[in-house]
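So the structure is just underneath, and the comments pick up after that.
Ligands are counted one by one from 1 in listed order, and the atoms in each one are counted from 1 as well. Residues: numbered from 1 along the sequence shown.
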Amino acid sequence: MKVLHVSAECYPAAKAGGLGDVAGALPKFLSAAGVPTGVIIPKYRLKWLDEHQFHTVYKGAVRLHNYYVPFTIQRESGNALGFPFFVADIPGKFDRAGIYSDPGGYNYSDDVERYLSFQQAVLQWLLNSPGRPQLLHCHDHHTGLIPFMVRHCQEYRGLSWLPTVFTLHNGAYHGAFGWDNMYLLPAFDAEARGLLDWSGNINPLATAVKCAWRITTVSPSYLKELQQGSSGGMEYLLQHEQHKCLGILNGIDTQVWNPASDSYLAAPLGEDIAAFKRANKEVLAQHFRLDPRRPLVSFVGRLVGEKGADLIPDLIHRVMHSEGELAFALLGAGNPGLEGVFSQLNQQYPGRFRAALEYNEGLAHLAYAGSDFLFMPSRTEPCGLNQMYAMTYGTIPVVRSAGGLKDTVPDIGEPNGVGRGIRFNQFSLDDGQLALYRAVQLYHNQPIFEEVRRRIMQTNFSWEKSAGAYIDIYKEMGITTN
Ligand code: ADP
Ligand code: GLC
């Protein structure tokens with residue numbers, strides 16, 4: 001193992017969103033390209049983790065102020081993920097039924113202790129294990145203090161030579177906490193205090209940006225947006241650190257997301273694209289009790305402000321009364337208030353609108369295969385994987401021009417036949433409605449509709465290219481390929 005990824009999620013063991021997809025896929029492609037890579041996440045009490053065999057490779061305890069937290073590092077025994085997969089089993093901190101929140105949707109209130117114990121457990125294990133990796137690749141604020149700790153905490157100084165790469169998947173979450181919690185941190189050099197601080201708080205995301213050797217964002221456009229005003233006050237920091245920042249577009253795991261072999265689908269892709277779409281649309285429409293003869297638009301995602309899910313209820317009222325035609329399926333869970341609004345909408349437009357307010361992996365796959373269009377009105381979208389899954393499965397994306405959506409979905413109005421979907425700029429009902437209107441028009445222009453569908457299905461979104469971009473960075477830090 002030359003590189004170890006440290007993450008809060010890893011598909012299929014633990015997934016709340018795209019971070020899980022990335023951590024479960026990128027290591028496979030890095031390993032195949034000659035950089036043996038492993039992953040470590042916390043051990044949650046989740047089905048996949050319960051059902052797989054693990055063996056202990058290290059036992060230890062980390063100190064949080066005046067008490068010790070015992071932990072074990074375990075390795076999955078069957079190589080189920082295709083790369084070395086480790087978990088930090090930290091009883092009392094992570095042996096819970098959710099990743100970030102309990103099944104009722106309430107966020108855990110002891111995240112500071114949770115992530116401090118996880119990050120330290122990883123470092124203590126590495127410090128004491130002979131076959132340690134040559135580079136640490138950390139993801140999001142949950143692991144953002146690692147680049148600081150290896151350089152400025154006496155306890156982990158033995159790892160100060162370890163290069164660190166930090167990937168910023170979501171600048172909306174900083175993991176910040178007050179200086180009154182400083183006593184929970186391992187002892188650090190007094191002169192390094194400023195590296196922890198951002199706007200008067202200890203801010204793991206800002207600390208990672210300051211301390212990691214290299215910073216990547218999950219699309220080139222998102223890096224620009226973060227530097228221009230989408231990073232909750234960290235714009236200047238990201239401008240200042242520009243020399244070590246790079247935007248690398250995520251890929252998709254074409255082993256998991258393959259329309260010809262995806263077992264979640266009602267029918268696999270064969271020679272006939274139209275037949276594939278029809279068969280899956282039939283089952284999807286039936287599931288959502290929608291009329292399959294209508295153009296079918298879906299939304300799949302977390303019901304939160306970032307994803308623009310709050311635009312959808314009013315938009316539904318509008319389009320149901322004007323474009324009179326389309327049917328809309330929504331799959332998502334999140335904000336309880338929004339969930340309430342969608343369950344009410346379920347009563348209002350039978351056969352035309354239906355929301356499934358749940359997290360359902362299989363249904364998401366079916367939605368990408370059985371829809372005509374995928375709607376993503378995101379306020380911000382660091383990369384977005386859904387639009388790439390949808391395109392691979394022949395569903396045309398209708399997206400707001402933000403971050404990775406901008407980088408992956410050129411508008412069909414662009415010259416030279418490069419278009420892959422429909423884009424709109426303003427986060428507004430008018431722009432959203434116009435975009436859906438264009439979708440319905442496209443649906444009725446069958447030759448163009450089918451041509452765009454063919455084109456997006458032929459586009460290669462696989463990780464191969466982007467894995468190469470990460471390897472280039474690793475090489476700068478002395479990692480050689482096998
Ligand atoms: P984010 O990580 O911000 O949520 P991404 O587009 O990167 O957004 O990834 C979202 C991932 O989570 C995709 O794999 C998508 O299919 C999945 N997903 C989101 N919501 C649901 C849901 N309600 N049911 C099933 N899968 C979902
Ligand atoms: C984050 C972002 C999403 C991105 C994913 C994987 O959750 O919100 O846009 O695709 O990380 O990088």
Requested in this report: Scan side-chain atoms only and decide if Glu476 and Tyr474 contain a donor-acceptor pair under the 3.5 Å cut-off.
Outcome: no
Requested in this report: Going by the side-chain hydrogen bond (donor to acceptor under 3.5 Å, both in side chains) test, name the single residue among Arg420, Glu381, Gln387 that passes it with Thr408.
Outcome: Gln387
Requested in this report: Assess Glu358 for proximity to ligand 1: is some non-hydrogen atom of it under 4.0 Å away?
Outcome: yes
Query - Atom indices of ligand 1 within 4.0 angstrom of Asp21 heavy atoms, with elements - result: 11 (C), 13 (C), 14 (O)
Query raised in the report: Any side-chain donor paired with an acceptor under 3.5 Å for Tyr349 and His317?
Result: yes
Query raised in the report: Can you tell me which residue and heavy atom of the protein come closest to atom 27 (C) of ligand 1, and the distance to 0.1 Å?
Result: Tyr359 CE1, 3.4 Å
Query raised in the report: Does Glu282 CD have over 12 foreign heavy atoms under 6.0 Å away?
Result: no
Query raised in the report: Glu113 and Tyr108: side-chain donor and acceptor closer than 3.5 Å?
Result: no
Query raised in the report: Any idea which protein heavy atom is nearest atom 1 (P) of ligand 1, and the distance to it?
Result: Lys307 NZ, 3.5 Å
Report summary line: One should read off an interatomic distance between Met477 CE and Leu135 CG, to the nearest 0.5 angstrom, of 5.5 Å
Query raised in the report: Going by atom types alone, do Asp262 and Tyr389 pair a side-chain donor with an acceptor below 3.5 Å?
Result: no
Requested in this report: State whether the number of non-hydrogen atoms from other residues, nucleotides or ligands found under 6.0 Å of Lys47 atom NZ is greater than 12.
Outcome: no
Report summary line: In this structure, atom 4 (O) of ligand 1 is nearest to the protein heavy atom Arg302 NE, 2.8 Å
Query raised in the report: Considering only the protein, which heavy-atom contact is closest to atom 5 (P) of ligand 1, and what is its distance?
Result: Leu385 N, 3.7 Å
Requested in this report: Say whether Asp253 and Tyr11, considering side chains only, have a donor N or O and an acceptor N or O under 3.5 Å apart.
Outcome: no
Query raised in the report: Just going by heavy-atom distances, which of Pro382, Ala172, Ala356, Gly18 is nearest to atom 2 (O) of ligand 1?
Result: Gly18
Query raised in the report: Under 4.0 Å from any heavy atom of Tyr389, which atoms of ligand 1 are there?
Result: 13 (C), 14 (O)
Report task. Please check if atom NZ in Lys224 has more than 12 non-hydrogen atoms from other residues, nucleotides or ligands closer than 6.0 Å. Result -> no
When you pair each N or O of ligand 2 with protein N or O atoms, which pairs come out under 3.5 Å?
unit_1: ligand 2; atom_1: 9 (O); unit_2: Glu381; atom_2: OE2; d: 2.5
unit_1: ligand 2; atom_1: 9 (O); unit_2: Pro382; atom_2: N; d: 3.4
unit_1: ligand 2; atom_1: 9 (O); unit_2: Cys383; atom_2: N; d: 3.0
unit_1: ligand 2; atom_1: 9 (O); unit_2: Gly384; atom_2: N; d: 3.0
unit_1: ligand 2; atom_1: 10 (O); unit_2: Gly384; atom_2: N; d: 2.8
unit_1: ligand 2; atom_1: 12 (O); unit_2: His169; atom_2: ND1; d: 2.6
unit_1: ligand 2; atom_1: 12 (O); unit_2: Asn250; atom_2: ND2; d: 2.8

Report summary line: In this structure, atom 13 (C) of ligand 1 is nearest to the protein heavy atom Asn386 OD1, 3.3 Å
Query raised in the report: Considering only heavy atoms of Gly384, which atoms of ligand 1 have at least one such atom less than 4.0 Å away?
Result: 6 (O)
Query raised in the report: Side chains of Thr395 and Lys277: do they bring a donor and an acceptor to under 3.5 Å?
Result: yes
**Report entry** Donor on one side chain, acceptor on other, Asp140 and His169, under 3.5 Å
**Finding:** no
Query raised in the report: Under a heavy-atom criterion of less than 4.0 Å, does Lys15 contact ligand 1?
Result: yes
Report summary line: atom 16 (O) of ligand 1: closest protein heavy atom, distance to 0.1 Å, is Tyr368 OH, 2.7 Å
Report summary line: Closest heavy-atom approach to atom 19 (C) of ligand 1 among Gly301, Ser378, Gly332, Gly20 is made by Gly301
Query raised in the report: Is it true that atom CD of Gln242 has more than 12 heavy atoms of other residues, nucleotides or ligands lying nearer than 6.0 Å?
Result: yes
Query raised in the report: So which protein heavy atom does atom 24 (N) of ligand 1 come closest to, and at what separation?
Result: Asn360 N, 2.9 Å
